[in-house]
Amino acid sequence: MHVSFDPWSPAFVADPYPAYTALRAAGRAHWFEPTGQWLIPHHSDVSALLRDRRLGRTYLHRFSHEEFGRTPPPPEHEPFTTLNGQGILDLEAPDHPRIRRLISKAFTPRTVENLAPTVRRLAAELVDAFVAEGGGDLLAEVAEPLPVAVIAEMLGVPEADRGLLRPWSAAICGMFELNPSEETAAAAVSASVDFSAYLRGLIAERRTDPGDDLISALIAAHDEGERLTEQEMISTCVLLLNAGHEATVNTTVNGWRTLFHHPEQLAALRADPALLPTAIEELLRYDTPLQMFERWVLDDIEIDGQVIGRGAEVALLFGSANRDPERFARPDVLDLSRTDNPHITFGAGIHFCLGAPLARLELAASFGELLRKAPALRMTAEPEWQPGYVIRGLKELRAEV
């Protein structure tokens with residue numbers, strides 16, 4: 001029943017939702033031989049497993065590779081493995097809560113609210129420039145620069161260096177796709193080396209000349225006795241950049257594409273800007289930017305009579321869960337006024353996205369500015385999808401005002 005699940009097919013990436021419907025109808029857990037994973041398509045199971053401590057983002061806090069029945073990463077991948085493995089997304093207790101507690105100080109409601117004027121100013125400047133040009137590529141000119149600038153501002157990355165960040169991030173994120181090629185791995189390793197070296201230099205500068213930024217705050221916390229290594233600081237900064245803009249960029253352009261394909265909903269939003277908060281949640285649900293999230297099974301679990309043993313890996317299908325009719329009324333219908341909307345786009349449990357409030361602020365700012373200043377905005381060409389499935393987004397989105 002999962003023959004139609006083909007994450008390397010451009011047709012599937014363009015529209016995975018019919019395959020998800022078939023998966024949900026066929027059962028709750030499906031073995032997928034090409035990646036050696038169990039596919040989990042239902043909202044109730046995905047939501048529960050995200051919170052289940054019998055699963056983890058890593059297993060190395062409890063087992064060696066050999067004990068877990070897994071092959072260690074190739075030695076030549078070491079720069080990427082170290083960089084990725086020390087970020088909170090791939091850590092479990094006791095390291096995860098310790099590092100998350102430090103970073104969470106940058107994402108409190110008060111901190112995010114203090115960022116709001118900066119986010120709105122940046123969004124306004126980008127949209128003003130886009131409108132002045134009569135349109136262009138919404139991805140390159142609005143969707144991408146906004147979250148990159150915000151995260152760079154938080155980290156204290158000088159404006160002159162910010163052009164380096166997105167290419168490094170894109171190369172590293174290539175490793176999160178299914179069965180990445182050796183070419184992808186080599187690019188990720190190279191980016192990991194360069195990005196780490198850059199941040200090591202920036203950390204050294206902040207040690208002697210601290211500023212009002214997150215890197216300086218992490219150094220200060222370390223100096224006050226918190227256990228934070230330099231590698232953890234580097235991995236944290238890379239994770240914040242990667243996670244802090246990839247999903248926001250793709251939600252922006254995927255969301256506008258969705259609106260252009262639903263003109264009656266777009267017209268309703270333009271007529272009533274008060275719909276924007278629920279509209280953003282619905283766009284996050286309807287076409288999820290992160291389609292899959294993986295977990296290792298640390299202790300046996302059972303799903304609908306199927307025992308999934310320790311050492312297995314489950315693929316939690318966010319895109320499918322967010323279209324599950326057992327949880328959402330008319331899930332394949334875009335309804336910008338939907339209020340009962342427990343989507344799991346930002347995850348759940350201890351790995352729930354720290355930056356969710358900031359992402360919502362950025363999305364509200366950019367969508368709001370475009371709705372106000374480009375009331376006749378329209379798509380001029382049907383966009384192509386990037387080849388990636390896990391992080392799913394467009395190559396560009398051409399539009400005119």
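Positions are given from 1 along the sequence.
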Peer 1: Search all heavy atoms of L178 against all heavy atoms of W8 and return the closest pair with its distance.
Peer 2: O-NE1, 3.3 Å
Peer 1: Tell me whether E232 contacts the main-chain N or O of T229 through its side chain, where contact means a donor paired with an acceptor under 3.5 Å.
Peer 2: yes
Peer 1: Compute both the distance and the angle, then confirm whether R323 meets the cation-pi test with Y286: under 6.0 Å from the six-membered ring centre, within 45 degrees of the axis.
Peer 2: yes
Peer 1: Under a 4.0 Å N-O cut-off, is there an ion pair linking D300 with R54?
Peer 2: no
Peer 1: Under 3.5 Å, side chain of R206 to main-chain N/O of G156, donor-acceptor pair present?
Peer 2: yes
Peer 1: Under the salt bridge (Lys or Arg N to Asp or Glu O under 4.0 Å) rule, collect the residues that match up with D335, sequence neighbours excluded.
Peer 2: none
Peer 1: Which salt bridge (charged side-chain N to carboxylate O under 4.0 Å, His left out) pairs, counting each pair once, include a residue from residues 142-158, with sequence neighbours left out?
Peer 2: E144-R166, E153-R162
Peer 1: Can you find a pair of side-chain heavy atoms, one from L240 and one from M154, that are under 4.5 Å apart?
Peer 2: no
Peer 1: Donor-acceptor check, side chain of E230 to backbone of R200, threshold 3.5 angstrom: yes or no?
Peer 2: no
Peer 1: Could you walk me through whether D340 and R327 satisfy the salt bridge (charged side-chain N to carboxylate O under 4.0 Å, His left out) test, starting with their C-alpha distance in whole Å, then the side-chain angles of each, then the deciding distance to 0.1 Å, before giving a yes or no?
Peer 2: CA-CA 9 Å; D340 181 19; R327 185 58 191 87; 3.3 Å; yes
Peer 1: Go through the steps for S181 and T184 under the test side chain to side chain donor-acceptor pair (under 3.5 Å), then give the verdict.
Peer 2: CA-CA 5 Å; S181 67; T184 297; 3.0 Å; yes
Peer 1: Does E76 CD have over 12 foreign heavy atoms under 6.0 Å away?
Peer 2: yes
Peer 1: Sequence neighbours excluded, which residues qualify as ring-ring contact (aromatic ring centres under 6.0 Å, His included) partners of F328?
Peer 2: H43
Peer 1: Enter the distance from N250:CG to L290:CG here, rounded to the nearest 0.5 Å.
Peer 2: 9.5 Å
Peer 1: Within this structure, what is the CH2-CG distance for the pair W256 and L394, rounded to the nearest 0.5 Å?
Peer 2: 14.0 Å
Peer 1: Okay, side chain of S104, backbone of R101: is any donor-acceptor separation there less than 3.5 Å?
Peer 2: yes
Peer 1: Specify the closest pair of heavy atoms between T252 and F367, including all atoms of both residues, with the distance to one decimal.
Peer 2: O-CZ, 3.7 Å
Peer 1: For N84, which residues count as a side chain to side chain donor-acceptor pair (under 3.5 Å) partner, sequence neighbours excluded?
Peer 2: none
Peer 1: Let me check something: any side-chain donor-acceptor pairs from residues 349-359 under 3.5 Å, sequence neighbours excluded? List them with distances.
Peer 2:
| unit_1 | atom_1 | unit_2 | atom_2 | d |
| --- | --- | --- | --- | --- |
| H351 | ND1 | H96 | NE2 | 3.4 |
| H351 | NE2 | L91 | O | 3.4 |
| H351 | NE2 | E92 | OE2 | 3.1 |

Peer 1: Kindly determine whether E113 and R110 satisfy salt bridge (charged side-chain N to carboxylate O under 4.0 Å, His left out), including the steps that lead there.
Peer 2: CA-CA 5 Å; E113 189 53 41; R110 178 179 295 179; over 6 Å; no
Peer 1: Take atom CD in E159; do more than 12 heavy atoms of anything else shown fall under 6.0 Å from it?
Peer 2: no
Peer 1: Between L397 and M379, does the side chain to side chain contact (heavy atoms under 4.5 Å, CB included) criterion hold? Intermediate values first, please.
Peer 2: CA-CA 7 Å; L397 183 60; M379 187 166 64; 3.5 Å; yes
Peer 1: Does some side-chain heavy atom of F63 sit less than 4.5 Å from a side-chain heavy atom of T58?
Peer 2: no
Peer 1: Heavy atoms only: give me the nearest S235-G87 pair and the separation to one decimal.
Peer 2: CB-N, 3.6 Å
Peer 1: Is it true that S366 and E362 share a donor-acceptor pair across their side chains at a distance under 3.5 Å?
Peer 2: no
Peer 1: Is there a donor-acceptor pair closer than 3.5 Å between any side-chain N or O of H77 and the backbone N or O of V189?
Peer 2: no
Peer 1: Could you list the donor-acceptor pairs under 3.5 angstrom formed by side chains in residues 116-135, with sequence neighbours left out?
Peer 2:
| unit_1 | atom_1 | unit_2 | atom_2 | d |
| --- | --- | --- | --- | --- |
| R121 | NH1 | E125 | OE2 | 3.3 |
| D128 | OD1 | K373 | NZ | 2.9 |

Peer 1: Under a 4.5 Å cut-off applied to non-hydrogen side-chain atoms, are L138 and L370 in contact?
Peer 2: yes
Peer 1: What's the spacing between L228 CG and D95 CG if we round to 0.5 Å?
Peer 2: 10.0 Å
Peer 1: Kindly state each residue pair satisfying ring-ring contact (aromatic ring centres under 6.0 Å, His included) with at least one member in residues 159-182, sequence neighbours excluded.
Peer 2: W168-F195, W168-Y198
Peer 1: Which heavy atom of A152 sits nearest a heavy atom of L165, and at what distance?
Peer 2: CB-CD1, 4.0 Å
Peer 1: Check whether any side-chain heavy atom of L23 sits under 4.5 Å from a side-chain heavy atom of F5, and report yes or no.
Peer 2: yes
Peer 1: Are T35 and N179 close enough that a side-chain donor and a side-chain acceptor fall under 3.5 Å?
Peer 2: no
Peer 1: Kindly say whether H343 contributes a backbone atom to a donor-acceptor pair with the side chain of R285 at under 3.5 angstrom?
Peer 2: no
Peer 1: So which heavy atom on P273 is nearest to which on P277, and how close?
Peer 2: O-CD, 4.5 Å
Peer 1: About how many Å separate CG of L316 and CD of Q37, when rounded to the nearest 0.5 Å?
Peer 2: 9.5 Å
Peer 1: Taking all non-hydrogen atoms of both residues into account, name the closest pair between L83 and I172 and its distance.
Peer 2: CD2-CD1, 3.9 Å
Peer 1: What residues form a salt bridge (Lys or Arg N to Asp or Glu O under 4.0 Å) with D161, not counting sequence neighbours?
Peer 2: none
Peer 1: Side chains of D287 and Y17: closer than 4.5 Å at any heavy-atom pair?
Peer 2: yes
Peer 1: How would you list, by chain and number, every residue that makes a salt bridge (Lys or Arg N to Asp or Glu O under 4.0 Å) with R295, sequence neighbours excluded?
Peer 2: none
Peer 1: Quick one: are N341 and T278 in side-chain contact, heavy atoms under 4.5 Å?
Peer 2: no
Peer 1: With the threshold set at 4.0 Å, does a side-chain nitrogen-carboxylate oxygen contact exist between R338 and E281?
Peer 2: no
Peer 1: Sequence neighbours left out, what passes ring-ring contact (aromatic ring centres under 6.0 Å, His included) with W385? Give chain and number order.
Peer 2: none
Peer 1: Is R51 reaching over with its side chain to a backbone N or O of S47, donor-acceptor style, under 3.5 angstrom?
Peer 2: yes
Peer 1: Donor-acceptor pairs under 3.5 Å, side chain of residues 301-310 to any protein atom, not counting sequence neighbours: which ones?
Peer 2:
none

Peer 1: Report yes or no: do T108 and T111 form a side-chain donor-acceptor pair below 3.5 Å?
Peer 2: yes
Peer 1: Could you verify whether a donor N or O on one side chain and an acceptor N or O on the other, from S169 and N242, lie under 3.5 Å apart?
Peer 2: yes
Peer 1: Are P7 and V13 side-chain neighbours, meaning at least one heavy-atom pair lies under 4.5 Å?
Peer 2: no
Peer 1: Looking at R24, is its backbone amide N or carbonyl O close enough to the side chain of H42 to form a donor-acceptor pair, meaning the two atoms are under 3.5 Å apart?
Peer 2: yes
Peer 1: Main chain of I219, side chain of R207: is a donor-acceptor contact present, judged purely on distance under 3.5 Å?
Peer 2: no
Peer 1: Between T288 (side chain only) and Q291 (backbone N and O only), is there a donor and an acceptor less than 3.5 Å apart?
Peer 2: no
Peer 1: Check salt bridge (Lys or Arg N to Asp or Glu O under 4.0 Å) between D194 and all other residues, then give those that pass, not counting sequence neighbours.
Peer 2: none
Peer 1: From I391 CD1 over to M292 CE, what is the distance, rounded to the nearest 0.5 angstrom?
Peer 2: 12.0 Å
Peer 1: How long is the straight-line distance from CG of L49 back to CH2 of W38, given to the nearest 0.5 Å?
Peer 2: 13.0 Å
Peer 1: Can you find a heavy atom in the side chain of L259 that is under 4.5 Å from one in the side chain of L336?
Peer 2: yes
